[in-house]
Amino acid sequence: MPTKAERTTAYIIETVAPIFNKHGYVGTSMNDLTEATGLTKGALYGNFENKEALALSAFQYNSTLLLKAIDDKLNIEGTALQKLFSLTDFYRHYDKFTASMGGCPVLNVGVDANNNNAPLKAATNETTHTIEGKIALVLENGVKNNEIKLPVTPLQFAKQFYTMIQGAIAMATITSDKKYLINTVAYLDVLVKKEIKK
């Protein structure tokens, strides 16, 4: 059973994660965090060394939720194609998944941290590479099982696949038009069937 201190730390992270994700590191003030948590600055700093440590924990919390959801989609029984379609279906409804987070953590934090926070930028890069690796593993197994054929290495295909998804998320976010994501995912499904299905 977690201690009171552990419960407080978990409460703080869960409460501030969507705030940092939505408003960014610079755009989130300590007042925003004390107001949301109902705790004093002293109480927040008693659990975290500084604002940067808290922002990093908040991103890691959202990242863990995202990676678990991706694992759930890719670890279904079935062929490599079925697993890829399970993932594209997840991204078709990605806005619902990320609504409580304040948007896509990879996009929001990655762009926000790019010029102002090296540890957060490194964390988003790591999450991106982890997702690409998970997709590449599905592709690699698909090739081994003679289910699919790839024109490039599994990792290269995975990177392009994820780039298209992430680009569509960016456009859907910027324009507030979900069609960017829905249409790109539909195109990816067609591309997968046409290009790599045996």
Side-chain angles (χ1 to χ4, degrees), residues 9-29 32-33 35-37 51-76 83-117 119-138 158-189 192:
T9 300
Y11 163 73
I12 292 168
I13 293 169
E14 286 170 32
T15 305
V16 305
I19 298 168
F20 273 115
N21 192 29
K22 198 169 189 179
H23 300 293
Y25 176 72
V26 174
T28 301
S29 69
D32 294 331
L33 303 178
E35 200 176 293
T37 58
K51 181 182 166 187
E52 186 173 84
L54 182 51
L56 199 52
S57 293
F59 172 74
Q60 285 164 342
Y61 173 78
N62 281 336
S63 175
T64 300
L65 292 176
L66 175 57
L67 292 173
K68 186 191 176 306
I70 289 171
D71 279 341
D72 288 346
K73 299 303 171 186
L74 292 179
N75 292 339
I76 61 163
K83 289 171 193 262
L84 288 176
F85 294 145
S86 171
L87 185 63
T88 55
D89 192 54
F90 166 70
Y91 277 107
R92 195 172 276 114
H93 308 286
Y94 190 60
D95 58 325
K96 289 188 181 112
F97 175 78
T98 58
S100 63
M101 295 178 169
C104 173
V106 174
L107 174 68
N108 291 1
V109 178
V111 171
D112 178 67
N114 196 43
N115 295 310
N116 65 38
N117 194 300
L120 273 173
K121 182 184 177 184
T124 54
N125 282 349
E126 188 181 329
T127 298
T128 298
H129 296 319
T130 300
I131 293 168
E132 290 168 348
K134 288 174 187 297
I135 298 167
L137 186 60
V138 167
K159 282 175 180 279
Q160 288 308 121
F161 187 88
Y162 188 58
T163 295
M164 289 177 74
I165 289 172
Q166 205 56 46
I169 291 166
M171 290 303 292
T173 302
I174 291 163
T175 62
S176 299
D177 185 351
K178 190 180 169 180
K179 282 194 219 107
Y180 279 97
L181 185 54
I182 290 169
N183 292 343
T184 300
V185 168
Y187 174 72
L188 269 175
D189 284 346
V192 163

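As the structure is a prediction and not an experimental result, all values here were calculated from the model.
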Problem - Test log, rule side chain to side chain contact (heavy atoms under 4.5 Å, CB included), inputs Leu87 and Phe161 - result: CA-CA 11 Å; Leu87 185 63; Phe161 187 88; 4.0 Å; yes
Donor-acceptor under 3.5 Å ([X] side chain, [Y] main chain):
X	Y	result
Ser176	Ala172	no
Asp112	Tyr25	yes
Asn21	Met101	yes
Asp189	Thr88	no
Lys83	Ile76	yes
Asp95	Lys178	no
Tyr11	Thr37	yes
Ser86	Lys73	yes

Got [X] and [Y] here, is their nearest side-chain heavy-atom distance under 4.5 Å?
X	Y	answer
Ile165	Thr184	no
Leu54	Phe20	yes
Phe97	Leu66	yes
Tyr180	Ile174	no
Gln166	Cys104	yes
Asn62	Leu65	yes
Thr128	Glu132	yes
Leu84	Ile135	yes

Practice task
Give the C-alpha distance, both sets of side-chain angles, the deciding distance and a yes or no for side chain to side chain contact (heavy atoms under 4.5 Å, CB included) between Asp71 and Lys134.
Solution key: CA-CA 8 Å; Asp71 279 341; Lys134 288 174 187 297; 2.8 Å; yes
Exercise for the section: Could you give me the CA-CA distance, side-chain angles and deciding distance for Asp89 and Arg92, then say whether salt bridge (charged side-chain N to carboxylate O under 4.0 Å, His left out) is met? Expected result: CA-CA 5 Å; Asp89 192 54; Arg92 195 172 276 114; 3.1 Å; yes
Nearest-0.5 Å distance that lies between atom [atom1] in [X] and atom [atom2] in [Y]:
X	Y	atom1	atom2	result
Ile13	Phe59	CD1	CZ	13.5 Å
Met171	Leu107	CE	CG	11.5 Å
Lys179	Leu181	NZ	CG	13.0 Å
Gln60	Glu126	CD	CD	8.0 Å
Thr124	Asn114	OG1	CG	8.0 Å

Over all atoms of both residues, closest heavy-atom pair of [X] and [Y]:
X	Y	value
His23	Thr28	CB-OG1, 3.6 Å
Ala58	Val16	CB-CG2, 4.3 Å
Gly102	Asn108	O-ND2, 3.1 Å
Thr127	Ser63	OG1-OG, 2.8 Å

Problem - Other residues, nucleotides, ligands: >12 heavy atoms within 6.0 Å of Glu52 CD - result: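 Counting neighbours around CD of Glu52, more than 12 heavy atoms of other residues, nucleotides or ligands fall under 6.0 Å, so yes.
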Exercise for the section: Using the test ring pair (Phe, Tyr, Trp, His ring centres under 6.0 Å), find all partners of Tyr94 that sit at least two apart in sequence or belong to another chain. Expected result: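 If we apply the ring pair (Phe, Tyr, Trp, His ring centres under 6.0 Å) test to Tyr94, skipping adjacent residues, the hits are Phe90, Tyr91.
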Practice task
May I have the step-by-step check of side chain to side chain donor-acceptor pair (under 3.5 Å) for Ser29 and Asp32, ending in yes or no?
Solution key: CA-CA 5 Å; Ser29 69; Asp32 294 331; 3.2 Å; yes
